[in-house]
Novice: 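Quick one: the structure is below, questions incoming.
Sequential numbering from 1 along the given sequence is applied to the chain's residues. Quick caveat: nothing in here was measured; it's all calculated off a predicted structure.
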Amino acid sequence: MLVRYVGRVLTHQTIMSQLWGATGDVQQLRVYIRQIRQKIEIDPERPRHIITETGVGYRLVQL
């Protein structure tokens, strides 16, 4: 889903509504993002592809 919005910030709510419908748990979303980072990032502790926009959501930087 993030791939369609490369370079744009997606709010937690937008991501959750696209994945799970109108409701979702932000903490669970964070867990999933961390798992994705473990798979795609060279150094998941210093992500270069899925950037956290604190208090807002996430931004996907072109791979």
Novice: Got a second to check how far Ile40's CD1 is from Gln35's CD, nearest 0.5 Å?
Specialist: 12.5 Å

Novice: Can you sort out the partners of Ser17 under side-chain hydrogen bond (donor to acceptor under 3.5 Å, both in side chains), two or more places apart, ordered by chain and number?
Specialist: none

Novice: Evaluate the side-chain proximity of Tyr58 to Ile51: yes if any heavy-atom separation is below 4.5 Å, no if none is.
Specialist: no

Novice: Working to the nearest 0.5 angstrom, can you tell me the gap between Leu29 CG and Ile15 CD1?
Specialist: 5.5 Å

Novice: So do the side chains of Val61 and Arg48 get within less than 4.5 Å of each other, counting heavy atoms only?
Specialist: no

Novice: Could you state the interatomic distance from CG (Leu10) to CD (Glu53), rounded to the nearest 0.5 Å?
Specialist: 10.0 Å

Novice: Please give me the minimum heavy-atom distance between Gln38 and Pro44, naming the atom from each residue.
Specialist: NE2-CB, 3.7 Å

Novice: Can you pull out every ring-ring contact (aromatic ring centres under 6.0 Å, His included) where at least one residue sits in residues 16-43? Sequence neighbours excluded, please.
Specialist: Trp20-Tyr32

Novice: Any side-chain heavy-atom pair from Tyr5 and Leu60 closer than 4.5 angstrom?
Specialist: no

Novice: Would you list the pairs meeting salt bridge (charged side-chain N to carboxylate O under 4.0 Å, His left out) in which at least one residue belongs to residues 32-42, sequence neighbours left out?
Specialist: Arg34-Glu45

Novice: Can you list, by chain and residue number, the hydrophobic cluster partners of Val56 when the side-chain cut-off is 4.5 Å?
Specialist: Val9

Novice: List, by chain and number, the other hydrophobic cluster members for Val31, where Ile, Leu, Val, Met, Phe, Trp and Tyr join if side-chain heavy atoms come within less than 4.5 Å, directly or indirectly.
Specialist: none

Novice: For the NE2 atom of His49 and the CD1 atom of Ile36, what is their distance to the nearest 0.5 Å?
Specialist: 13.0 Å

